[in-house]
Every structure is written in C-alpha cells, then in structure tokens.
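Heads up: the structure comes next, in structure tokens.
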Protein chains: 2
Amino acid sequence: MRKIFEAELQALGEDLDSMARLVVDAISRAGEALLTQDLSLAQQVIADDQAIDALERALDERCVLLLAQQQPVATDLRVVVSALRISASLERMGDLARHIAEASRRAYPNSVLPEQLRDTYIGMIEASRRVAERVYAVVSSHDLEVADTLERDDDLLDQLHNDVFSTVLGESWTGNAQETVDATLLSRYFERFGDHGVSVARRMNFLVTGDFTRQDV
Amino acid sequence: MRKIFEAELQALGEDLDSMARLVVDAISRAGEALLTQDLSLAQQVIADDQAIDALERALDERCVLLLAQQQPVATDLRVVVSALRISASLERMGDLARHIAEASRRAYPNSVLPEQLRDTYIGMIEASRRVAERVYAVVSSHDLEVADTLERDDDLLDQLHNDVFSTVLGESWTGNAQETVDATLLSRYFERFGDHGVSVARRMNFLVTGDFTRQDV
C-alpha cells in the first residue's frame with residue numbers, strides 16, 4: 001500500500017514539475033515574441049497553454065483519487081493539498097503568459113511595446129522569466145533558498161509596474177489610447193505573474209515546513 | 001464520529017456562506033462608491049477585505065484538519081476539496097472588489113469613471129452584483145439553476161469589457177492617459193470578477209453532481 005502511495009506521490013510531483021517547466025517555456029517565449037514580433041512564437045505560447053490546462057485537470061483528478069483511495073495524513077496530506085493549490089497558480093501563470101502572447105499577436109506586424117517603455121518591459125520580461133525559473137526550482141527541488149530571490153523579483157515587477165504608470169501618466173507620454181491600454185494590461189499581466197510565483201513559493205514553504213502563516217500574497 | 005463530521009461539514013458550509021455574503025457586500029459597496037464618490041464606503045470595502053482573507057485562511061485550515069482527522073471519501077471528500085477551491089475564488093472576488101474601491105479612493109473627490117463610459121460601468125456594476133448574489137445563492141442553497149443566469153451575466157461582463165475597449169480605442173474618445181488607464185483596469189477587474197463567479201458555480205456543479213468536466217473558466 002505504502003509503495004503504491006509513494007509512486008502516486010511521485011507522479012504528482014512529476015506533473016507539477018512538467019507544469020512548472022511549461023510555464024518557464026511559456027513566459028520565455030511570450031517575452032521573446034514581445035521583443036521580436038515573432039508571430040509563430042506567440043501562436044505557440046497560445047496553443048501550448050492548452051497543455052498546461054490539461055495537466056492541471058489531470059493533476060486535480062489525481063489528487064482527489066489519492067485523497068479518496070489512500071487517505072493520507074500529516075506530511076502526505078500536506079503534499080496533496082499543496083499540489084492542488086500550486087497547480088491552480090501554475091495554470092494562472094500559463095494564462096498570463098498566453099495573454100501576453102495574445103497582445104503580441106493582436107499588434108502584429110507592429111510591436112505592442114510602446115517605444116518609451118521598451119526598457120521597462122525588458123526588465124519585466126527578464127524578472128518574470130527568473131520568477132518562472134525559480135518557481136520551477138522550488139517545485140522540482142523543494143529548494144526554499146530560491147524563494148527569497150523570487151520575492152525580490154516579485155518586488156521588482158511591482159516596482160516596474162509602478163514605473164509603467166508613472167511614465168504613462170507623466171508629461172512626456174505621447175502614446176495614443178491603444179498604446180496606453182496595451183501598456184496598462186501588459187504591465188498588469190507581468191505583475192500578477194510575479195504574485196502567483198510568490199504564492200507557489202509560499203505554498204511550497206507550507207508543504208516543506210508545515211508553517212501555514214505565509215501562504216497568501 | 002459521523003456526527004462530528006456532519007457538524008464539521010456544516011461549519012465549513014457556514015464559512016463559505018459567510019465569505020459569499022461578504023463578497024456580495026463588497027462588490028455592492030464598491031459599485032456604489034464608484035457611482036457616488038463615497039469615500040467612507042470605499043474605505044469600508046478596503047478594510048473589510050481583511051475579513052474575507054481571514055475567513056479563507058480559517059476555512060483552509062478547517063479543510064486540512066477535516067481531511068486529516070476524518071479521512072472523508074466520496075461526496076464528503078468532494079465537499080472538502082470543492083470548499084478549498086471555492087474559498088480561493090471568493091477570496092479573489094474580494095480582492096477585485098477592493099481594487100475597484102481603491103480606484104475610487106485614489107480619484108477622490110473626483111469620480112474615477114469617465115463620463116463617456118458611465119452607462120457601460122453602470123451595466124458592469126449591476127451585472128457583477130447579480131453575479132455575487134447568485135454566487136451566494138449557489139453556495140448557500142446549492143441551487144444549480146442559478147448557475148445558468150450567472151453565466152449569462154458573465155457573458156454580459158465580457159461584452160461590456162469589449163465595449164469599454166471599443167469606446168477607449170474609438171475616434172470619439174477624449175479621455176486622457178489617466179482616464180484610459182482607469183477605464184482599462186476597472187473593466188478588467190469586473191471582467192475577472194465574473195470569471196471567478198462562474199468558476200465557483202462550476203465547482204458547485206462538480207460538488208453536487210460529481211461531473212468534473214466543466215470546472216474551469
């Protein structure tokens with residue numbers, strides 16, 4: 001019985017790894033498409049989001065079956081409940097990468113990035129990619145050391161999000177309404193991406209330490 | 001043992017009811033504050049969001065304890081897992097109502113609503129309030145009939161969200177960058193509010209029928 005359970009838990013962990021890996025690919029490609037107007041890359045992110053959604057559903061069903069059939073307690077139970085939460089956050093991160101790719105696709109062949117904000121978005125693209133890579137590290141290796149640097153990148157995303165508003169609402173802004181809308185929504189997607197990354201890291205913290213107090217962002 | 005479990009499940013249901021009730025209050029007051037520039041009402045929504053967050057944490061701990069101590073199966077297990085999911089969506093709905101109230105507070109004593117879009121936002125305020133009331137009905141009475149009308153209001157929110165963009169990106173738009181940013185973000189908050197409402201209804205459907213196929217938005 002225990003052996004079956006261990007195998008099931010391992011499969012659960014592998015599903016989470018796969019989801020986190022797909023999220024790294026999604027945000028990396030969405031960022032690249034944003035900078036290079038690569039339409040096929042944007043299309044790929046949009047199509048691949050279905051794979052993330054499918055993994056979430058499979059993982060959910062696996063969790064419910066595990067709870068029903070194996071009746072886990074203590075750490076095992078924490079793993080299953082955390083997996084449910086983490087998969088929901090990873091699924092949202094995939095959605096946000098897709099929204100970023102959809103913005104690129106809509107503007108194609110033009111760039112959706114306002115020239116005045118290009119450097120700010122480069123910062124966001126890099127920070128969100130690091131967040132995804134650290135989420136992958138924390139999910140796959142339970143390395144809680146990574147969590148602190150992840151929170152710093154989330155802070156950076158918040159700061160860049162504010163920078164976007166400062167620029168858009170400043171005297172020097174020459175963007176039209178479309179550019180203002182794009183700047184606002186893109187920035188919001190990156191900012192939320194960081195929030196979900198922190199949420200995953202905190203839930204992993206709960207999973208590993210049992211400390212329930214810092215799970216929500 | 002069964003008696004204790006029944007009592008625990010009932011307490012879980014009551015926590016969800018309380019959260020859903022607070023979400024109805026939050027979105028109603030946030031909408032009212034948006035229309036009337038009532039600063040104290042906006043402040044109240046912002047302050048009350050902490051109560052929703054606290055209920056979510058309490059409910060989560062209750063669920064984990066229930067899973068550990070009572071080892072539920074079948075329908076009981078579905079109830080507990082669904083409660084975990086539903087509380088996460090309700091918590092996000094509270095956040096979105098808070099974001100709407102924060103936008104009102106930031107613009108005070110002016111209105112954050114651009115005059116050109118006032119009617120569109122009145123539609124969004126009404127639809128989101130109906131969504132919250134139906135979420136409350138579905139959570140408190142398990143009335144799945146309400147779910148269909150809830151999805152129609154979510155469709156309406158999506159359509160109004162598109163209307164906002166059509167206006168903002170149209171020739172007649174005279175708003176400045178601040179108004180464009182506000183219009184974009186407010187609209188996005190209402191649109192997401194509807195999505196989470198649908199998500200709650202679909203999870204209640206899963207809970208009541210066991211049909212796992214239509215849970216995600």
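Sequence lines set the chain letters: A, B, ... in the order given, protein chains first and strands last, and positions in each chain run from 1.
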For chain A, which candidate among B:Asp76, B:Leu84, B:Asn176 shows the most heavy-atom pairs at distances under 4.5 Å? B:Leu84

Taking salt bridge (Lys or Arg N to Asp or Glu O under 4.0 Å) as the test, write out the residues that go with B:Glu179, two or more places apart.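 Applying salt bridge (Lys or Arg N to Asp or Glu O under 4.0 Å) to B:Glu179 gives none.
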
Residues forming a salt bridge (Lys or Arg N to Asp or Glu O under 4.0 Å) with A:Arg98, sequence neighbours excluded: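 In terms of salt bridge (Lys or Arg N to Asp or Glu O under 4.0 Å), with neighbours along the sequence ignored, A:Arg98 is linked to A:Asp49, A:Asp95, A:Glu102.
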
Measure B:Val81 against the heavy atoms of chain A and call it side chain, backbone, both or neither at under 4.5 Å. side chain

Determine whether a donor-acceptor pair (N or O, by modelled atom type, separation under 3.5 Å) exists between the side chain of B:Ser82 and the backbone of B:Val79.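 A pair under 3.5 Å: no.
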
Got a donor-acceptor contact below 3.5 angstrom from the A:Arg85 side chain to the A:Ser199 backbone?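 Not at all, since once roles are kept as given, no pair shorter than 3.5 Å links the two residues.
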
Under 4.5 Å from any heavy atom of chain B, what part of A:Leu67 do you find: side chain, backbone, both or neither?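 For A:Leu67, the contact with chain B is made by backbone and side chain together.
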
